[in-house]
Amino acid sequence: MSTDNQEYLAKRQLKRGTAGWILLAGLGVSYVISGDFAGWNFGIAEAGWGGFAIAAVLMALMYLTLVLSLAEMSAAIPAAGGGYSFARQAMGPTGGFMTGLAVLIEYALAPAAIVIFIGSAVESLLGVNGPWVYAAFYLVFVGIHLAGVGEALKVMMVISGLAVFAIVATGVALVMHFDASNLFDIAATEAAGASDMLPLGWYGVWAALPFAMWLFLAVEGVPLAAEEAKDPGKDVPKGIIGAMVFLLFTALMVVVLVPGAAGAKAMGESAVPLVDALNATGNGSLATLVNVLGLAGLVASFFSIIYGYSRLVFALSRAGYLPKSLSLTTERKVPARALIVPGVFGFLASLSGEGDLMLAMAVVGATVSYALMALSHILLRIKQPGLVRPYKTPGGVLTSGIALVLSLVALTGVYAFDPRAFFFTMVLFAVGAAYYFGYSRKHLVANSADEEFAMLADAEADLAAA
């Protein structure tokens, strides 16, 4: 490797061996946990409980099959770019960039949306809200990440633990009040296919898909920590599958017990369904505690997605897709600029106050990335059967094929619910594609993912020898 390449990569190193599989599983849960507190329940208003339950099962299947596919690819290609790295290996530089751009749209807009929701939660507790609250949360949690990945992940585990406690405590309190008739208290409409089970018909199921995704959205970000894992071939698959299994449990708990105790109609209209369900069943003291810990859930997702976008921006920058200065790391092996610059953009986006729009746009980016990542798994199985795979996806390409089909169905569901979010996100894709074809395509650091990984391994060996 040339001296220039060695020097370039030496300034762009992450801290190896920081995260074991338990921390990685905690990261996966943390990405998602805020979605259990609110947002998912609006899908009941779109489809009734039965329709939303169908949507939730479909999206759970999509995420499970995607996670199993990602587990294989992350073990075989343990790079900080996650899905972008897999797509680049499978589809070349252009496919890699479009996948990375889709994930970047998801991970850049989601924190902006979440910080708006955090502002609303802070207002209900302390009476203050607005840009100063948004700025304070960005400054504090980007600052914790700047201290180092080990410190950041440990703080994240504590915050996530409080949120998980709130969800489990809510489930335990509501189980004694469960009544199946409460699930079907929305009257059937005149919509096509409408019934007591599907009061808003089959169109409602379609429109509810984006809300069902909130129960699992962003769990696919676990492989972004692959370069910092202790044993990527074992830890990343165990971490992402462990997170998914736990999230299936929490999703089942809230989707069944919350409307089953307090009524589907009321919960479909609630801004804080867990809190309202507890109040409706006479658990006022626990409702107050869960209201406070709901903020911990929002903070956990906000905090962990900041980590996710920084590793993605770092990887895209190191490869030359984004400005190369964004991948410079500090003495603590932290990609400081990849943390700060997207944080500034996210803060500016949060000033719009349109959290629902940004979350819907994030879902569009997510579903596009899921389709491309699932396709990458299929192509890697076909093109590179000899690739060393420490973990193999059960079912092989059939599993990733299911993820591919369901992700495309979910993408159309966003259009059914909010065409404006769909079109705005397509504009972002067009801007990103123009930048790639007009500039960055000609300034890539390596010709392929394999070549970049080989260069990185050489640089690390040279540093270790020195």
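No hydrogens, no waters, no symmetry mates; every other heavy atom, side chains included, goes into these values. If you're wondering where the values come from, they're calculated on a predicted model, not measured in any experiment.
- At least one donor-acceptor pair under 3.5 Å links the side chain of T399 to the backbone N or O of P394.
- Looking at S301, its side chain does come within 3.5 Å of a backbone N or O of Y31 through a donor-acceptor pair.
- One distance of note links CG of L68 with CE of M73; it measures 11.0 Å at 0.5 Å rounding.
- Between the S317 side chain and the K324 main chain, a donor and an acceptor come within less than 3.5 Å of each other.
- Proximity of F424 to D418: side-chain heavy atoms (C-beta onward) are nowhere separated by under 4.5 Å.
- Among pairs with a residue in residues 57-78, those fulfilling salt bridge (Lys or Arg N to Asp or Glu O under 4.0 Å) read E72-R381, E72-R389, at least two apart in sequence or across chains.
- Listed by chain and residue number, D36 satisfy the side-chain hydrogen bond (donor to acceptor under 3.5 Å, both in side chains) test with T250 (two or more places apart in sequence, or in another chain).
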Requested in this report: May I have the step-by-step check of side-chain contact (heavy atoms from CB on, under 4.5 Å) for L183 and F178, ending in yes or no?
Outcome: CA-CA 9 Å; L183 300 174; F178 177 81; 4.1 Å; yes

Extract all donor-acceptor atom pairs below 3.5 Å that involve side chains of residues 100-113 and protein atoms in other chains or at least two apart in sequence.
| from | atom 1 | to | atom 2 | distance (Å) |
| --- | --- | --- | --- | --- |
| Y107 | OH | A218 | O | 3.0 |
| Y107 | OH | G221 | N | 3.2 |

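- Minimum interatomic distance between L339 and S310 (heavy atoms only, all atoms of both residues): CD2-CB, 3.4 Å.
- Heavy atoms only, all atoms of each residue included: L408 and A371 are closest at CD2-CB, 3.9 Å.
- Applying the ring pair (Phe, Tyr, Trp, His ring centres under 6.0 Å) criterion to Y138, with sequence neighbours excluded, gives F302.
- The ring pair (Phe, Tyr, Trp, His ring centres under 6.0 Å) test applied to F422 returns Y415, not counting sequence neighbours.
- Exactly one residue among F429, Y321, Y84 makes a ring pair (Phe, Tyr, Trp, His ring centres under 6.0 Å) with F97. That residue is Y321.
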**Report entry** From CA spacing to verdict: side-chain contact (heavy atoms from CB on, under 4.5 Å), N283, H177
**Finding:** CA-CA 11 Å; N283 292 282; H177 300 275; 3.9 Å; yes

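- Contact annotation: the side chain of S407 approaches that of M62 to within less than 4.5 Å [non-hydrogen atoms, C-beta and beyond].
- V164 is linked by a side-chain contact (heavy atoms from CB on, under 4.5 Å) to V29, I33, V168, F246, counting only residues two or more places apart in sequence or in another chain.
- By the 4.5 Å heavy-atom criterion applied to side chains, M244 and L248 are counted as neighbours.
- The list of ring-ring contact (aromatic ring centres under 6.0 Å, His included) pairs with a residue in residues 56-75, not counting sequence neighbours, reads Y63-F216, Y63-Y370.
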For residues 42-49, which side-chain donor-acceptor pairs fall under 3.5 Å, sequence neighbours excluded?
| from | atom 1 | to | atom 2 | distance (Å) |
| --- | --- | --- | --- | --- |
| W49 | NE1 | V255 | O | 2.9 |

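- Looking at Y203, its side chain does come within 3.5 Å of a backbone N or O of A416 through a donor-acceptor pair.
- A donor-acceptor pair under 3.5 Å is formed between the side chain of H145 and the backbone N or O of F303.
- Between atom OG of residue S74 and atom OH of residue Y391 there is a gap of 9.5 Å, rounded to the nearest 0.5 Å.
- Each salt bridge (Lys or Arg N to Asp or Glu O under 4.0 Å) pair with one or both residues in residues 209-225, not counting sequence neighbours, would appear here, but there are none.
- Annotation: side chain to side chain donor-acceptor pair (under 3.5 Å) contacts involving residues 158-170, sequence neighbours excluded, comprise S30-S160.
- The two residues A374 and L404 come nearest to each other via the heavy atoms CB-N, 3.7 Å.
- Across all their heavy atoms, S304 and M156 have their closest contact at CB-SD, 3.9 Å.
- When only modelled atom types and interatomic distance are considered, H377 and T393 share a side-chain donor-acceptor pair under 3.5 Å.
- Note: M59 CE to F52 CZ = 10.5 Å, rounded to the nearest 0.5 Å.
- The side-chain contact (heavy atoms from CB on, under 4.5 Å) check on V32 picks up V219, L247, with sequence neighbours excluded.
- Within the 4.5 Å cutoff, the side chain of M361 has heavy atoms near those of the L428 side chain.
- Side-chain atoms of V341 and L326, non-hydrogen and from C-beta on, do get closer than 4.5 Å to each other.
- Without hydrogens or angle criteria, N182 side chain to G260 main chain gives a donor-acceptor distance under 3.5 Å.
- For the pair M253 and I167, the minimum side-chain heavy-atom distance is below 4.5 Å.
- Here the side chains of F347 and V142 are not in contact, with every heavy-atom distance at 4.5 Å or above.
- In this structure, CG in L406 is found 6.0 Å from CG in L58, a value given to the nearest 0.5 Å.
- Taking every heavy atom of both residues into account, V222 and G239 meet most closely at CG1-C, 4.5 Å.
- Taking CH2 of W206 as the reference point, atom OG1 of T412 lies at 5.0 Å (rounded to 0.5 Å).
- Under the rule for a ring pair (Phe, Tyr, Trp, His ring centres under 6.0 Å), F37 has no partner lying at least two apart in sequence or in another chain.
- Once rounded to the nearest 0.5 Å, the distance linking CZ of F184 with CG of L198 reads 9.5 Å.
- Not one N or O on the side chain of N291 forms a donor-acceptor pair closer than 3.5 Å with the backbone of L289.
- Side chains of L375 and M91 form a contact here, defined as non-hydrogen atoms less than 4.5 Å apart.
- Taking all atoms of both residues into account, the shortest heavy-atom contact from S69 to S400 is OG-CB, 3.3 Å.
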Requested in this report: Start with the C-alpha distance between V334 and T329, add both sets of side-chain angles, then the distance that settles side-chain contact (heavy atoms from CB on, under 4.5 Å), and finish with yes or no.
Outcome: CA-CA 5 Å; V334 173; T329 48; 6.0 Å; no

